[in-house]
Number of protein chains: 2
Amino acid sequence: MKLNTKSRYAVMALADMAIFSDKKAVSLRDISLRQGISLLYLEQIFLRLKKNKIVNSVRGINGGYTFVKSPKELKISDILLALDQKVKTIGCKKDSKKSCNGKSTKCITHNFWDELDLHINSFFENKRLSDLLKNKEVRL
Amino acid sequence: MKLNTKSRYAVMALADMAIFSDKKAVSLRDISLRQGISLLYLEQIFLRLKKNKIVNSVRGINGGYTFVKSPKELKISDILLALDQKVKTIGCKKDSKKSCNGKSTKCITHNFWDELDLHINSFFENKRLSDLLKNKEVRL
DNA sequence: CAAAAACTTGACTATTTTGGTCGGGTATAT
DNA sequence: ATATACCCGACCAAAATAGTCAAGTTTTTG
């Protein structure tokens, strides 16, 4: 079980933004250089962050991205959601026809996976972006 | 982020075994039929469970698999480990040359991912197979 | 003993997901 | 004007996933 790079890079990039955003917009180029993430890939990621109202964009020569919510208010779960990465450990879906494995009843481990999802998602729900930056010296 | 079917089926199959093992070995054929998992796939899974001392096998006509540890003692983390599925949310490794993204320092979000791994793994560490079966009516 | 049930094992494969890149835009500050 | 930076859809190679296949071996029981 692992998180994909898209989600990971998104959190990294936004953490970077949080550190370096002193009112001004932060450009992807800068983030790319500081965090070692491909610029083109970052564009793809920020497209979705923008669509999901995590960031605003500023075009033009001193452009870049700014936060919609402040890092203090921005939940990690919001970020993952923007990238379609909510945790769904299993396939047991509430399909109309069959639940779980084609049986009419829930599979024996169903409740367990539900618990797991809850356990993981609550972690992301309770973390704000600003929490990641505590005790971080800023490296320039 | 999702668990693969191998781990999922392993837990399901072992839960099934726990319900139906009244001293006797449980055959994969029975598990396959009850849980709707491909027999051939189950074989692949149980091969690894056996190699990792989660189950013993009994050959021959009334053969099947039995538990090495009782379901009361068997941790879910043991099962996942047998299938190489310990949680490792990210790539930040302790490589000798570079940590995280090629920088000499840990990436800004490193501690966060460590926390996440810990959070998830502790869930699996604290669950025993027998815990999944509580409040379960046995369906025949 | 023969036959069937059940485990053993490695190799193989189709599909999907991942992790990006490419190319051609558009907007805006200086 | 022009350089910088966002915008966006299409594309693609490689890896992982989710199985299947084939060809066994072992053991019980009729």
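Throughout, a chain's letter reflects where its sequence line sits, starting with A, and its residues are numbered from 1.
Between Glu43(A) and Ser27(B), it is Ser27(B) whose nearest contact on DNA chain C lies nearer the 5' terminus.
The closest side-chain donor-acceptor pair between Tyr41(B) and Thr5(B) falls under 3.5 angstrom. With hydrogens and angles left out, the side-chain atoms of Ser57(A) and Lys50(A) include a donor and acceptor closer than 3.5 Å. Using a 3.5 Å distance cut-off with no hydrogens or angles, the side chains of Ser122(B) and Glu125(B) do not pair a donor with an acceptor.
Contact between the side-chain N/O atoms of Tyr41(A) and the OP1/OP2 oxygens of dT18(C) is not found at any separation under 4.0 Å. In this structure, Ser57(B) reaches the dT8(C) phosphate: one of its side-chain N or O atoms is under 4.0 Å from OP1 or OP2. OP1 or OP2 of dC7(D) has at least one side-chain nitrogen or oxygen of Lys50(A) nearer than 4.0 Å. When the side-chain nitrogen and oxygen atoms of Ser38(A) are compared with OP1 and OP2 of dT21(C), one or more of them lie within a distance under 4.0 Å. The side chain of Tyr9(A) places an N or O atom within less than 4.0 Å of a non-bridging phosphate oxygen (OP1 or OP2) of dG20(C).
Heavy atoms of Tyr65(A) sit under 4.0 angstrom from primed sugar atoms or phosphate atoms, though from no base atom.
Rounded to whole Å, atom P of dT21(C) lies 12 Å from atom CD1 of Ile37(A). Rounded to an integer number of Å, the gap from Leu40(B) CG to dT8(C) C1' is 12 Å. Distance, Ile45(A) CD1 to dC6(D) C1': 15 Å, rounded to whole Å. In this structure, the CG atom of Leu42(A) is 10 Å from the P atom of dG20(C), given to the nearest Å. The distance between atom NZ of Lys24(A) and atom C1' of dC6(D), rounded to the nearest whole Å, is 17 Å. Note: CG (Leu3(A)) to P (dT18(C)) measures 10 Å, nearest angstrom. The separation between Leu83(B) atom CG and dA16(D) atom C1' is 15 Å, rounded to whole Å. Leu39(B) places its CG atom 18 Å from the P atom of dA18(D), with the value rounded to the nearest Å.
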Apply the test salt bridge (charged side-chain N to carboxylate O under 4.0 Å, His left out) to residues Lys53(B) and Asp78(B): give CA-CA distance (whole Å), side-chain angles for both, the deciding distance (0.1 Å), then the verdict. CA-CA 10 Å; Lys53(B) 309 265 196 305; Asp78(B) 294 334; over 6 Å; no
Atom pairs, N/O to N/O, protein against nucleotides 28-30 of chain D, distance under 3.5 Å?
unit_1	atom_1	unit_2	atom_2	d
dT29(D)	OP1	Asn62(B)	ND2	3.1

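Each of dT8(C), dT21(C), dA5(D) was ranked by its minimum atom distance to the side chain of Leu47(B); first place goes to dT8(C).
Here the side chains of Phe124(A) and Met1(B) are in contact, with some heavy-atom distance below 4.5 Å. For the pair Tyr9(B)/Gln35(B), no side-chain contact is recorded, criterion being any heavy-atom separation below 4.5 Å from C-beta on.
Ile54(B) approaches Leu14(B) most closely through the heavy-atom pair CG2-CD1, 4.2 Å.
Side-chain N/O atoms of Gln44(B) and base N/O atoms of dT9(C) include no donor-acceptor pair closer than 3.5 Å.
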